[in-house]
Amino acid sequence: MFRSYLLALPALLLGVVTHASPAPSLLLPRTCSPNFQGQAQTIYVRPAVTDIGVYEWTPDSIFPGAHITLQTRSVNDAFPQGEFLVQFTGQPDGSYVLRLKAETNRYTALTAGPNGDLTIDILTLSSSIPSQRFTINCNTCPSTGETVAKQCTIANPASGTCIVGSNSGDTLRLGSCSEAGVYDFQAGF
């Protein structure tokens with residue numbers, strides 16, 4: 001009798017191992033690229049414990065060289081602003097430029113730097129600088145009258161890397177797409 005349990009144990013463990021899976025958001029295929037129709041966006045991570053608010057993309061400053069960190073914000077404080085203008089470049093790779101809304105005298109945008117560094121830098125007018133182009137692929141895109149794109153990954157096609165950072169206090173950087181952060185976009189109101 002004891003011997004039959006020993007024979008069944010490996011089969012049982014194999015069944016448990018084959019049914020283990022990574023976080024659900026990483027398994028979902030990214031199926032759409034959003035059109036934000038010129039509306040300023042708040043970009044954020046929705047943590048597992050939702051009563052603490054969201055982890056919002058927050059620029060250190062509006063000046064070139066500033067980094068973006070994830071800061072905990074209550075839902076009421078996060079969404080009224082819409083800190084980023086996410087604009088389609090018209091390039092064949094389907095990329096976007098992520099501009100700072102607050103900087104109106106000179107245009108600044110998220111820029112990929114050396115060694116995975118992400119900073120704010122002066123936006124080139126031609127939209128042809130690969131370090132300032134990013135692709136956005138989401139599970140849910142806003143349709144007419146909606147304001148939220150959900151579970152999006154953001155990649156820099158020139159480097160073949162994705163934006164990484166998922167926890168409050170993280171400084172966003174480029175890294176392996178297997179570690180990509182999953183972000184939501186919501187229009188400011």
Side-chain angles (χ1 to χ4, degrees), residues 21-47 54-60 64-71 82-101 107-143 147-187:
S21 62
S25 62
L26 297 177
L27 290 177
L28 298 172
R30 310 283 181 240
T31 59
C32 61
S33 294
N35 176 355
F36 297 114
Q37 301 176 3
Q39 294 181 322
Q41 299 293 309
T42 295
I43 307 171
Y44 61 97
V45 173
R46 187 172 299 280
V54 298
Y55 305 148
E56 180 182 4
W57 283 31
T58 307
D60 293 341
H67 290 91
I68 308 291
T69 58
L70 292 173
Q71 299 292 321
E83 295 82 7
F84 292 89
L85 295 171
V86 183
Q87 299 174 318
F88 183 65
T89 64
Q91 298 293 323
D93 61 4
S95 60
Y96 300 82
V97 171
L98 285 76
R99 288 185 35 215
L100 282 182
K101 176 185 151 195
Y107 296 123
T108 55
L110 189 63
T111 304
N115 302 318
D117 199 24
L118 279 175
T119 60
I120 300 299
D121 204 351
I122 302 298
L123 176 65
T124 61
L125 297 178
S126 67
S127 299
S128 64
I129 302 295
S131 63
Q132 293 182 327
R133 294 194 329 236
F134 295 88
T135 56
I136 302 171
N137 293 299
C138 305
N139 287 339
T140 305
C141 288
S143 57
T147 60
V148 180
K150 294 182 181 179
Q151 295 186 322
C152 306
T153 56
I154 305 168
N156 176 247
S159 65
T161 57
C162 292
I163 295 181
V164 175
S166 299
N167 297 304
S168 186
D170 285 354
T171 298
L172 298 181
R173 62 181 174 78
L174 290 173
S176 169
C177 289
S178 67
E179 300 171 2
V182 178
Y183 307 104
D184 290 355
F185 292 73
Q186 180 161 336

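No experiment lies behind these values; they were computed from the predicted model shown. Note that these values count all heavy atoms, side chains included, but never hydrogens, waters or copies made by symmetry.
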Participant: Is it the case that the side chain of Asn156 and the backbone of Pro130 share a donor-acceptor pair, with hydrogens and angles ignored and the cut-off at 3.5 Å?
Facilitator: yes
Participant: Among Gln39, Gln41, Arg99, find the one that has a side chain to side chain contact (heavy atoms under 4.5 Å, CB included) with Val86.
Facilitator: Gln41
Participant: Which heavy atom of Pro64 sits nearest a heavy atom of Asp121, and at what distance?
Facilitator: CB-OD1, 3.9 Å
Participant: Tell me yes or no: between the side chains of Asp93 and Ser95, is some donor less than 3.5 Å from an acceptor?
Facilitator: yes
Participant: Are any side-chain N or O atoms of Glu83 and backbone N or O atoms of Ile43, one a donor and one an acceptor, separated by less than 3.5 Å?
Facilitator: no
Participant: Show your working on side chain to side chain contact (heavy atoms under 4.5 Å, CB included) between Leu118 and Leu174 and close with a plain yes or no.
Facilitator: CA-CA 7 Å; Leu118 279 175; Leu174 290 173; 4.0 Å; yes
Participant: Does one side chain, of Ser33 or Asn137, offer a donor that lies under 3.5 Å from an acceptor on the other?
Facilitator: yes
Participant: Between Asn35 and Gln37, is there a donor-acceptor pair closer than 3.5 Å when you use the side chain of the first and the backbone of the second?
Facilitator: yes
Participant: Taking the side chain as C-beta and beyond, is there a heavy-atom pair between Val97 and Tyr107 under 4.5 Å?
Facilitator: no
Participant: Could you give the distance from NZ (Lys101) to OG1 (Thr42), rounded to the nearest 0.5 Å?
Facilitator: 8.5 Å
Participant: If you measure from CD on Gln186 to CZ on Arg46, what distance do you get to the nearest 0.5 Å?
Facilitator: 7.5 Å
Participant: Tell me, with the steps shown, if Cys32 and Cys138 meet disulfide bond (SG atoms under 2.5 Å apart).
Facilitator: CA-CA 5 Å; Cys32 61; Cys138 305; 5.2 Å; no
Participant: For a quick test of reading the model, state the closest non-hydrogen atom pair linking Pro157 to Phe134 and the distance between them.
Facilitator: CD-CA, 4.1 Å
Participant: Could you tell me whether the side chain of Phe84 reaches within less than 4.5 Å of the side chain of Pro59, counting heavy atoms only?
Facilitator: yes
Participant: List the steps and the verdict of side chain to side chain contact (heavy atoms under 4.5 Å, CB included) for Leu172 and His67.
Facilitator: CA-CA 7 Å; Leu172 298 181; His67 290 91; over 6 Å; no
Participant: How close do Leu123 and Ala109 get, heavy atom to heavy atom, and via which atoms?
Facilitator: CD1-CB, 3.8 Å
Participant: How about Cys162 and Cys177, are their SG atoms within less than 2.5 Å of each other?
Facilitator: yes
Participant: How about Asn139 and Lys150: do any of their side-chain heavy atoms sit closer than 4.5 Å?
Facilitator: no
Participant: Go through it in stages, so that I can follow the logic: the residues are Ile122 and Thr111, the test is side chain to side chain contact (heavy atoms under 4.5 Å, CB included), and I'd like the CA-CA distance, side-chain angles, deciding distance and then a yes or no.
Facilitator: CA-CA 9 Å; Ile122 302 298; Thr111 304; over 6 Å; no
Participant: Less than 4.5 Å apart, any side-chain heavy atom of Ile163 and any of Tyr183?
Facilitator: yes
Participant: Hey, could you give me the CD1/CD1 distance between Ile68 and Ile120, rounded to the nearest 0.5 Å?
Facilitator: 4.0 Å
Participant: Test side chain to side chain contact (heavy atoms under 4.5 Å, CB included) on Asp170 and Tyr55; report intermediate values, then the result.
Facilitator: CA-CA 9 Å; Asp170 285 354; Tyr55 305 148; over 6 Å; no
Participant: Determine whether Leu70 and Trp57 make a side-chain contact, defined as any pair of heavy atoms from C-beta on separated by less than 4.5 Å.
Facilitator: yes
Participant: Quick check against the 3.5 Å criterion: does Tyr96 have a side-chain atom that pairs as donor or acceptor with the backbone of Pro34?
Facilitator: yes
